[in-house]
Amino acid sequence: MIIWKFKASHSARLGGVALLALSLDLASPAMGQVSLPPVTIEAPRAQRPSVGPASARTSSRRVTAARNTRRRPAAEVRSIPTPSSQAVETATGPVNGYVASRSASATKTDTPILETPQTISVVSREQIRDQGGQTLGEVLNYVPGVGVQASSFARVSDNISIRGFDVAAGNSGILRDGLKLTSGVYDSTMEPFGLERLEVVKGASSILFGQLGPGGLINAVSKRPTDVPFGEVNVSVGDYQRKEISADVGGKLVDDGSLLYRFTGLLRDADAPTQYVPDDKLYLAPAVTWRPNADTSLTVFGYYQEVKTRFPTPLPAVGTVVPTSVGKIPSNLFLGEPNFDRFDSKAGTVGYQFEHAFNNAVKLRQNLRLYDATTNWDYLQLGAIGADGRTASRSVSSRIERGNGFAVDTSAEFKFVAGPTAHTVIAGVDYYRSVLNSNRYTGTATSIDVFNPVYNTAVTVNRSVDRGSNTLSNQVGIYVQDQIKIYDKFVLLLGGRKDFSDVQTRVFRTSVLTTQEDDAWTGRAGAVYLFDNGVAPYASFSQSFAPVLGVDRLGNPFAPTRGEQYEAGVRYQPPGSKMLFSAAAFQITQQNVLTPDPVDITFSVQSGEVTSRGVELEAKAEVGPVSVVSSYTYTDARTTRSNNIALLGERTALVPYNAASIWGLYDFGSVGWYGFKFGGGVRFVGETNLPGSSLDVPSYVVTDLTASYDLKHLARELNGFQARLNVKNLFNKGYVVCVAASGCRYGDPQTVVATLTYRW
């Protein structure tokens, strides 16, 4: 009611010169602050020569005076500061808009993306906000080469693939602030609101981070304290009883800026599209930076997170991809038991980032973090649907998992010039220790009619047999890297690493302790040439390795998997513009992949090989009022060696040949509709394969939409308020995402979220 009152009483102020004056003193994350003196607008009208009769001149003066009394002073509709108001972008700081120019995720140094001989995609905080990403998977929907599971699964695990290879299983390739985070796949999920940016490094990257799969890594960069005092509070409501409040505040704790702070928090009470499934979350993230001088900084930060939802049971392809004799399983159907199923996760971290520059040539860094998580989850797994096309058996899974980790990375950076070459050398040692204690139990449950379910039936858990295990992992890595720039045109990147790993696994059911020790050399070499017109062709070779837990039929421990990537590409960044265009061709080969033992299929042998080849195109641009993100990916990922003839040549699940997306946002202030932005995106995911099945998962197209309005353009009393609308799956497209013939899930239907933001 208050808004309508303002709208009525100030409607006359929205026209002509007054609106123009208002628009010239606004700040947006994409355009920064633009401020013009009022004289540039009003003075020409006041200084216009007097012509015509006196009565006409008097009338004109009355109109001008009236306009001047209605005009809002610039000070009353001031620009609201944001963290991205800083003038110079850094590798871990805010991105002003969508187009990042620097990153540290591929080099561990603050490096221009144009000078990095490996594909990097950066999703900025503003892009996350505009697209309304609620999970890590949703944030990555518009990134080329990335495969994500359905949103229902993304609420319990950040299970992502890059270029056809899983980055979450085993030694997780999902990092937080350059350090490994979780001990188990289901330990925790990333909260997008707590991130400053999300960076995806494509391809083998063990050179700097040790045990990883060959597809690449994801580095989530936390929000940090900032010199710019700011604050914002968001209140959101939406479909499925969504109620959410979030806040992000920061600035100086002391006037000289030597002590900074930031606090980010979120509380959500909501339901998921699936019946009986909550989507509740609590996220709290404090941070403090101490800068006693220009050469030294220490940031202490961490987060605490609680997630309450239910695990989405995987569904069979027959019933989702194709119907049973009765039909398809309803997309919102809950197939567990409301009085049994749960997924409750609590996770917390604390750590620091320290940096000290001894002089302009030598810098010391140390990053450290402690992590702890507990997950309690009980769920019913759906079996095959019977001959009647509607009745399915169910099995019981009950887990209690406790994961904790300790990560520390210490490095020294040296810069020096030798003849025509400028060197940036980084040398360091990192250590990662993780413990995952997983207690697992099975049980019995009644069958269910998937078209007429009856709930609250008996579920029995057999806790006399613990089918879980305890896994202790230690990793030490020593690395060195040299970035060499020759005549400011030719960039060489050379690096090598030696890793030492030991893993101890105790199986609770047998009390057998298995110890496995591995070590490996990995390296990387790349080159970039920087043309004056902004074109930068590059080529690179990189390696990865990851231990494989377990033993073969003869009791011999498995060897680590090894990965190699060859990549060639070109980037184009027109000088002085906010544009970045990228094209890359790649081939990745992973060896020592597990396949069934032909003598005893209950064991495995390492006779498998997976090869992924493809092309990725990505464009990000901000031109005037338009911001655009677009991509295209062609990926052929398949098994190229196996002792199982049936799997030889099979394409990897979840990886389409073709995928494409485009997202755009238009600021209508350029045509006089000040404060209004409108945009949306379209995502195409091509047909994917189901290994071992005659079925293919159909392609799909999903459309998203966003609109926002700065309410200060309605009335000066509303300065700082903004309204935003996000619509996912605008046309309510039904689609299925499958990782196996018995591992399918429905994509989320249309969801609408409205947000009111206040910034100061």
Side-chain angles (χ1 to χ4, degrees), residues 91 102-113 115-121 162-163 165 167 170-181 199-219 365-367 407-414 423-432 475-485 491-501 518-528 538-547 560-569 584 586-592 612:
R102 310 187 70 87
S103 171
S105 296
T107 61
K108 286 192 177 178
T109 64
D110 193 331
T111 303
I113 294 175
E115 298 180 11
T116 306
Q118 195 165 352
T119 300
I120 306 171
S121 295
I162 302 175
R163 291 183 171 176
F165 298 93
V167 300
N171 293 281
S172 179
I174 300 180
L175 313 179
R176 182 83 175 223
D177 299 309
L179 295 174
K180 290 193 173 184
L181 181 63
E199 305 191 345
V200 182
V201 180
K202 316 287 183 64
S205 302
S206 285
I207 164 63
L208 295 177
F209 300 101
Q211 303 170 23
L212 294 171
L217 63 91
I218 298 168
N219 185 29
R365 297 188 184 95
Q366 185 176 75
N367 299 344
V408 60
D409 182 6
T410 305
S411 64
E413 179 184 299
F414 307 91
H423 296 254
T424 300
V425 177
I426 183 172
V429 56
D430 58 34
Y431 172 68
Y432 177 62
Q475 170 196 315
V476 177
I478 304 170
Y479 59 89
V480 62
Q481 173 187 271
D482 191 3
Q483 296 169 263
I484 310 167
K485 184 176 286 190
V491 181
L492 286 176
L493 179 62
L494 304 172
R497 179 186 178 100
K498 178 68 171 181
D499 267 292
F500 304 89
S501 168
D518 295 296
D519 63 88
W521 286 97
T522 53
R524 174 172 62 178
V528 185
Y538 69 90
S540 65
F541 168 77
S542 57
Q543 297 176 310
S544 71
F545 101 104
T561 63
R562 302 301 300 258
E564 293 184 346
Q565 173 179 267
Y566 295 88
E567 181 178 67
F586 63 88
Q587 175 177 297
I588 305 173
T589 303
Q590 184 183 35
Q591 297 177 330
N592 295 337
S612 177

Problem - Thr109 vs Glu413, side-chain hydrogen bond (donor to acceptor under 3.5 Å, both in side chains): CA-CA, chis, key distance, verdict - result: CA-CA 8 Å; Thr109 64; Glu413 179 184 299; 5.2 Å; no
Does the [X] side chain pair with the main chain of [Y], one donor and one acceptor, at a distance under 3.5 Å?
X      : Y      : value
Ser411 : Ile426 : no
Asn219 : Asp177 : yes
Ser206 : Phe545 : yes
Ser612 : Arg163 : yes

Point-to-point distance, once rounded to the nearest 0.5 Å, from [atom1] of [X] to [atom2] of [Y]:
X      : Y      : atom1 : atom2 : answer
Tyr431 : Leu179 : OH    : CG    : 13.5 Å
His423 : Asp482 : NE2   : CG    : 5.5 Å
Ile588 : Ser544 : CD1   : OG    : 8.5 Å
Ser205 : Leu212 : OG    : CG    : 6.5 Å
Ser105 : Phe209 : OG    : CZ    : 6.0 Å
Glu199 : Leu175 : CD    : CG    : 10.5 Å

Heavy-atom closest pair, residues [X] and [Y]:
X      : Y      : answer
Ser542 : Ala204 : OG-O, 2.9 Å
Ala407 : Tyr432 : CB-CD1, 3.8 Å
Gln543 : Trp521 : OE1-O, 4.2 Å
Gly477 : Asp499 : CA-OD1, 3.6 Å
Tyr538 : Ala584 : OH-CB, 3.5 Å
Asp110 : Ala91  : OD2-N, 3.2 Å

Exercise for the section: Verify side-chain hydrogen bond (donor to acceptor under 3.5 Å, both in side chains) between Arg524 and Gln481, making sure each step is shown before the conclusion. Expected result: CA-CA 9 Å; Arg524 174 172 62 178; Gln481 173 187 271; 2.8 Å; yes
Handout entry: Side-chain heavy-atom pair Thr119, Gln565 within 4.5 angstrom cut-off
Key =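 SC-SC contact between Thr119 and Gln565 ruled out.
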Handout entry: Contact check, side chains of Glu115 and Gln483, non-hydrogen atoms, under 4.5 Å
Key = no
Problem - Pairs touching residues 204-216 that satisfy salt bridge (Lys or Arg N to Asp or Glu O under 4.0 Å), sequence neighbours left out - result: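 Every pair satisfying salt bridge (Lys or Arg N to Asp or Glu O under 4.0 Å) with a residue in residues 204-216: there are none.
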Practice task
Quick one: do Arg497 and Asp430 satisfy side chain to side chain contact (heavy atoms under 4.5 Å, CB included)? Show the steps, please.
Solution key: CA-CA 11 Å; Arg497 179 186 178 100; Asp430 58 34; 2.7 Å; yes
Exercise for the section: Check whether the side chains of Ser501 and Gln475 place a donor and an acceptor atom closer than 3.5 Å, and report yes or no. Expected result: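 There is no such pair (donor and acceptor under 3.5 Å, judged by atom type) between the side chains of Ser501 and Gln475.
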Practice task
Could you tell me whether Glu567 and Lys202 make a salt bridge, using a distance below 4.0 angstrom between a side-chain N and a carboxylate O?
Solution key: no
Handout entry: Candidate list Ile162, Ile174, Val167, Val201, test side-chain contact (heavy atoms from CB on, under 4.5 Å), partner Leu217, passing option
Key =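 It is Val201, the one option of Ile162, Ile174, Val167, Val201 that forms the side-chain contact (heavy atoms from CB on, under 4.5 Å) with Leu217.
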Problem - Partner of Thr522 by side-chain contact (heavy atoms from CB on, under 4.5 Å), out of Glu564, Arg562, Gln211 - result: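 Result for side-chain contact (heavy atoms from CB on, under 4.5 Å) with Thr522: Arg562.
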Fill in the blank from the handout: Those residues at least two apart in sequence (or on a different chain) that pass side chain to side chain donor-acceptor pair (under 3.5 Å) with Asp409 are Lys108, Tyr479
